[in-house]
Amino acid sequence: MIGFYKCCPEKFGVMNGPVVSIAQELGFEGNSILEGLVVSIFIVGAFIGSISSGSLVDRLGCRRTFQIDTIPLILGAVISAQAHTLDEMLWGRFLVGLGIGVNTVLVPIYISEVSPTKYRGSLGSLCQIGTCLGIIASLFLGIPAEDDPHWWRTMFYIASLPCVGLALGMQFAVDSPRWLCKVGMFNDAKAVISNLWGESEVDKAIQEFQSVIKSDGSDMDTQWLELLEEPHSRVTFIGGALFVLQQFAGINGVLYFSSLTFQDVGITDGALASLYVGITNFAGALCASYLMDKQGRKPLLIGSYTAMAVSMFLVVCAISLPLDEDLGHSLSILGTLLYMFTFAIGAGPVTGLIIPELSGSRTRGKIMGFSLSVHWVCNFLVGLFFLNLVEKFGVAPVYAGFGGVSLLSALFAYNFIVETKGRSLEEIEISMNPKFQIGDK
């Protein structure tokens with residue numbers, strides 16, 4: 001459910017539709033710069049939240065950081081709901097973005113650290129399923145906005161409810177056993193391992209944790225400059241590159257243009273078109289949950305990006321070739337839905353899961369913080385330039401570019417990604433660092 005809690009405020013934060021009603025009521029309708037600022041200030045907050053989250057996780061652990069993070073999420077949603085001036089709306093949007101930035105870092109770290117090795121991939125992909133459910137829920141909640149221009153205030157109030165649920169729910173959750181060991185709470189760590197993984201795993205897990213701590217030091221003392229040192233620099237590069245490639249493979253651009261693609265075949269209801277996309281994403285996420293611990297992360301990532309490239313080239317052919325109009329529209333729809341489905345199988349869930357798996361215990365929080373901050377920068381750039389590129393070059397060349405980046409991403413995954421299926425985080429960390437000294441067993 002963490003993925004659902006993460007998604008709901010985020011999707012309300014993007015607010016592609018309500019921004020029109022907000023602009024009318026707050027008095028900046030028709031000012032594209034201010035409308036863009038209301039949307040983009042969210043990404044500024046998310047960037048700051050992501051880059052600062054590593055230190056919070058190191059000091060407080062995921063459970064407490066989750067609870068503290070709900071403060072800007074709730075405040076931001078309430079301030080946005082009650083806003084009567086542009087400044088109030090900007091502050092609310094910024095706070096929501098700040099909370100989402102921290103949350104996007106916390107979720108994959110927490111899931112990877114508390115999950116049993118055997119099911120870590122499947123449980124990690126549940127975050128993608130929760131995100132899809134959050135998108136679908138937000139679509140249904142946005143339906144009354146078509147008839148009520150003030151409904152956006154209610155939407156923001158509703159967006160605060162999952163955050164309240166998260167704050168209360170984490171009170172009954174456990175801390176990461178790895179973090180508990182790093183702060184010296186070994187008895188608590190043993191109790192968590194026994195409850196989550198089984199009594200038979202306690203001694204082995206504690207030995208592995210202690211070996212890593214003894215050889216690599218406490219994560220509490222990590223510095224940002226350590227990300228430039230081996231082996232951390234390699235994982236930092238992989239994490240940043242994966243999010244650059246993910247964003248420039250065009251997911252946000254394709255999502256934006258999908259409504260126009262559906263209009264071409266007579267589906268003029270934007271909510272219905274978005275629902276088709278949401279269901280397709282959900283189906284892909286379910287497949288990812290099933291395949292993650294069976295096929296492995298690397299094959300899913302390579303296969304996902306390869307299929308995304310094929311999907312983009314299919315849409316390009318449908319637009320560029322002199323095909324029958326109905327056939328061209330059908331191919332465009334097929335290519336768009338295939339792109340969404342294959343993104344949800346690999347490029348979406350694997351990217352967030354594999355970075356904390358490859359990261360060492362000492363630098364996991366900061367590497368994830370850096371990687372997600374790269375994500376938000378690229379997200380902003382795609383949103384800023386996508387429409388301009390479409391207007392200048394047309395849809396087909398831009399989609400061809402997305403397909404080319406997808407192929408490049410598949411090649412990157414083939415050459416740089418290390419398979420993590422079926423291996424504990426400590427086993428992965430040891431294999432990534434040839435100089436690692438194993439403590440006495």
Side-chain angles (χ1 to χ4, degrees), residues 1-16 18-19 22 37-83 87-111 127-128 130-131 133-135 137-138 141 152-171 173 243 352 356 365-366 368-377 379-380 383:
M1 289 300 292
I2 289 176
F4 181 82
Y5 292 135
K6 163 179 168 284
C7 176
C8 280
E10 179 179 4
K11 293 308 166 187
F12 286 121
V14 175
M15 58 176 196
N16 292 322
V19 70
I22 292 171
L37 181 61
V38 169
V39 174
S40 61
I41 194 69
F42 169 88
I43 298 179
V44 174
F47 173 84
I48 296 173
S50 292
I51 204 69
S52 62
S53 58
S55 298
L56 288 173
V57 175
D58 292 345
R59 294 292 177 184
L60 303 175
C62 286
R63 188 168 74 95
R64 291 303 179 198
T65 307
F66 266 122
Q67 292 181 308
I68 293 172
D69 184 49
T70 60
I71 296 174
L73 288 170
I74 295 171
L75 282 178
V78 172
I79 290 173
S80 298
Q82 296 180 341
D87 288 344
E88 291 175 346
M89 177 57 65
L90 291 176
W91 273 112
R93 296 275 299 144
F94 175 80
L95 288 173
V96 171
L98 188 70
I100 289 298
V102 175
N103 227 329
T104 52
V105 173
L106 285 178
V107 170
I109 291 178
Y110 185 70
I111 292 176
C127 179
Q128 182 79 7
T131 300
L133 291 174
I135 293 172
S138 68
L141 290 172
W152 61 270
R153 295 187 183 276
T154 304
M155 290 175 67
F156 278 119
Y157 280 124
I158 295 174
S160 67
L161 298 181
C163 307
V164 175
L166 178 61
L168 296 175
M170 292 308 294
Q171 188 63 31
F243 275 113
K366 284 187 169 59
M368 277 301 295
F370 167 79
S371 301
L372 265 300
S373 66
V374 170
H375 159 83
W376 291 114
V377 170
N379 185 303
F380 174 78

Query raised in the report: So, Ser50 side chain and Gly101 main chain: donor-acceptor pair closer than 3.5 Å or not?
Result: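 Looks like yes, one N/O pair under 3.5 Å.
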Query raised in the report: Quick one: does Ser55's side chain have a donor or acceptor within less than 3.5 Å of a partner on Ser52's backbone?
Result: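 No; zero donor-acceptor contacts below 3.5 Å.
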Query - Any pair counted as salt bridge (Lys or Arg N to Asp or Glu O under 4.0 Å), so long as it reaches residues 162-171, sequence neighbours left out - result: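 Not a single pair qualifies under salt bridge (Lys or Arg N to Asp or Glu O under 4.0 Å).
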**Report entry** Pairs where residues 154-163 contributes a residue and the test salt bridge (Lys or Arg N to Asp or Glu O under 4.0 Å) is met, not counting sequence neighbours
**Finding:**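 Applying salt bridge (Lys or Arg N to Asp or Glu O under 4.0 Å) to every pair that reaches into residues 154-163, excluding sequence neighbours, yields nothing.
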Is the shortest side-chain heavy-atom distance between [X] and [Y] below 4.5 Å?
X	Y	result
Phe243	Phe370	no
Asp58	Lys366	yes
Val96	Phe156	no
Ile68	Leu56	no
Ser53	Leu106	no
Leu372	His375	yes
Ile48	Phe94	yes
Asn103	Leu73	yes

Could you state the interatomic distance from [atom1] ([X]) to [atom2] ([Y]), rounded to the nearest 0.5 Å?
X	Y	atom1	atom2	answer
Arg64	Met170	CZ	CE	9.5 Å
Leu161	Ile74	CG	CD1	9.0 Å
Ile71	Leu95	CD1	CG	11.0 Å
Leu60	Thr65	CG	OG1	4.5 Å
Phe42	Phe47	CZ	CZ	14.5 Å

Can you name the closest pair of heavy atoms from [X] and [Y] and give their distance?
X	Y	result
Val107	Cys127	CG1-SG, 3.5 Å
Ala81	Arg153	O-NH1, 2.7 Å
Val57	Cys62	CG1-SG, 4.1 Å
Pro72	Leu98	CB-CD2, 4.4 Å
Thr70	Ala167	OG1-CB, 3.5 Å
Ile51	Ser373	CD1-OG, 3.5 Å

Query - Atom CZ of Phe380 with >12 non-hydrogen neighbours under 6.0 angstrom - result: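 At most 12 heavy atoms, drawn from other residues, nucleotides or ligands, come within 6.0 Å of this atom.
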Report task. Give me the one residue out of Val38, Ile79, Ile41 that meets side chain to side chain contact (heavy atoms under 4.5 Å, CB included) with Met89. Result ->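 Result: among Val38, Ile79, Ile41, Val38 is the only option passing the side chain to side chain contact (heavy atoms under 4.5 Å, CB included) with Met89.
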Query raised in the report: Listed by chain and number, what are the side chain to side chain donor-acceptor pair (under 3.5 Å) partners of Glu88, not counting sequence neighbours?
Result: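 Testing Glu88 for side chain to side chain donor-acceptor pair (under 3.5 Å), a comparison that skips the adjacent residues, returns none.
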Query - Worked verdict on Trp376 versus Ile100 for side-chain contact (heavy atoms from CB on, under 4.5 Å) - result: CA-CA 11 Å; Trp376 291 114; Ile100 289 298; 3.9 Å; yes
